[in-house]
2 protein chains.
Amino acid sequence: MFSKACEYGIRAAVYIALQSLEGRRVSVNEIAEEIDSPIAFTAKILQQLSRNKVIHSVKGPTGGFEIERTDMDNLKLNMIVKAIDGDQIYVGCGLGLKECNEDKPCPLHDKFVAIRTDLRHMLESTSLYELATGLEVGLTYLKR
Amino acid sequence: MFSKACEYGIRAAVYIALQSLEGRRVSVNEIAEEIDSPIAFTAKILQQLSRNKVIHSVKGPTGGFEIERTDMDNLKLNMIVKAIDGDQIYVGCGLGLKECNEDKPCPLHDKFVAIRTDLRHMLESTSLYELATGLEVGLTYLKR
DNA sequence: CATTAATCGGACAAAATTGTCCTTTATTTG
DNA sequence: CAAATAAAGGACAATTTTGTCCGATTAATG
């Protein structure tokens, strides 16, 4: 469904959000350790998220990554997915046809669009704040 | 969503089903031409489908690929997807966690499972016959 | 101002996926 | 039986994705 990069990206963003709720800024090393991901690869992904304003980065000692509490409600999963995978998930035919649309649909068009619309709504409505607080109260887990 | 191999596989299977409705057996060359896919790669995928009893292959002159009319109703998309991609789509955590389940769910678990269940139902309920007849009556298209 | 801790960015490496080529095997037909 | 046709299968190549390494840049602190 998602690329590995995107999986790591979401996990990292949720972890950063969680720590930001406590006022802590976190380093790549800590993030990779806590979400069990390859350090250097995770660093690349965090750069993408930073460039796309999903997370905020600070260089130098005491630096690291953080997410403003005020942004957290408005930061939806689809922004992370778009920053990393682009709009692959939203665009294009399920069977890989170049010219597939309502007027000239592939055999799977309607059924595929239905699923993808659900997925899109889910990603557009799920905020980092929501996911981070679920972790905070122990309802969900990030490691392993 | 699906791998390229799986996209080609579904398109090929639907085309074979369509031609089988007319009693025609089709060659790899014709299939690749008609669904606009790389010939040799398509041949590999057809081998997989053949080994998994999704389609029937006949060697030699007048040979080619076909699907029994009586099978067509029972041949569902999920069988093609499973033959090519395995059960990747059905199994595993949306965020890539090793130990994610109802008891110890990742932050996205419930929402992800909901989408995936819909996808599974769609694949399990959509038959090749249904897709082939849609093509036959000109409701849908396979090329480009 | 030197040291140190952190991200940034580019080049490279490994692995997986996608795609090609060529030989072998099976089968039909003259 | 020989020739021709089509799938089967193995080896290889290209591309994309995943992952690593290392030097450059930025900023805090004694």
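Below, chain A is the first sequence line, B the second, and so on; all start at residue 1.
In this structure, B:Ile39 places its CD1 atom 11 Å from C1' of C:dT20, rounding to the nearest Å. At whole-Å resolution of the value, CZ in B:Arg25 and P in C:dT28 are 8 Å apart. Between the CD atom of A:Glu30 and the P atom of C:dA5 there is a distance of 16 Å, rounded to whole Å.
Side-chain contact check for B:Leu21 versus B:Met72: some heavy-atom pair is nearer than 4.5 Å. In this structure the side chain of A:Leu46 reaches within 4.5 angstrom of the side chain of A:Ile16, judged on heavy atoms. In this structure, the side chains of B:Lys82 and B:Tyr90 come closer than 4.5 Å at one or more pairs of heavy atoms. Residues B:Arg120 and B:Arg116 have side chains not in contact (no heavy-atom distance under 4.5 Å, counting atoms from C-beta outward).
Looking at A:Arg25 and A:Glu66, a side-chain N of the basic residue comes within less than 4.0 Å of a carboxylate O on the acidic one, giving a salt bridge.
For B:Phe41, the ring-ring contact (aromatic ring centres under 6.0 Å, His included) partners two or more places apart in sequence, or in a different chain, are B:Tyr8. For A:Glu33, the side-chain contact (heavy atoms from CB on, under 4.5 Å) partners are A:Lys143, not counting sequence neighbours. Partners of B:Tyr15 under the ring-ring contact (aromatic ring centres under 6.0 Å, His included) rule, at least two apart in sequence or in another chain, do not exist in this structure.
With rounding to the nearest 0.5 angstrom, the OG atom of A:Ser3 is 7.0 Å from the CD atom of A:Gln88.
At distances below 3.5 Å, not a single donor-acceptor pair connects side-chain atoms of B:Thr126 with backbone N or O atoms of B:Leu123.
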- Base, backbone or nothing for each nucleotide of nucleotides 6-12 of chain C, written B, S, -, heavy atoms under 4.0 angstrom, 5' to 3'? BBBBBB-
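Rotation axes derived from the C1' atoms of the five outermost pairs at either end of the helix from C:dC1-D:dG30 to C:dG30-D:dC1 lie 0° apart, to the nearest 10°.
Once you apply a 4.0 Å limit to the heavy atoms of chain A, the touched nucleotides of DNA chain D run 5' to 3' over D:dT18 to D:dA28.
B:Tyr8 has no side-chain polar atom (N or O) that falls below the 4.0 Å cut-off from OP1 or OP2 of C:dT18.
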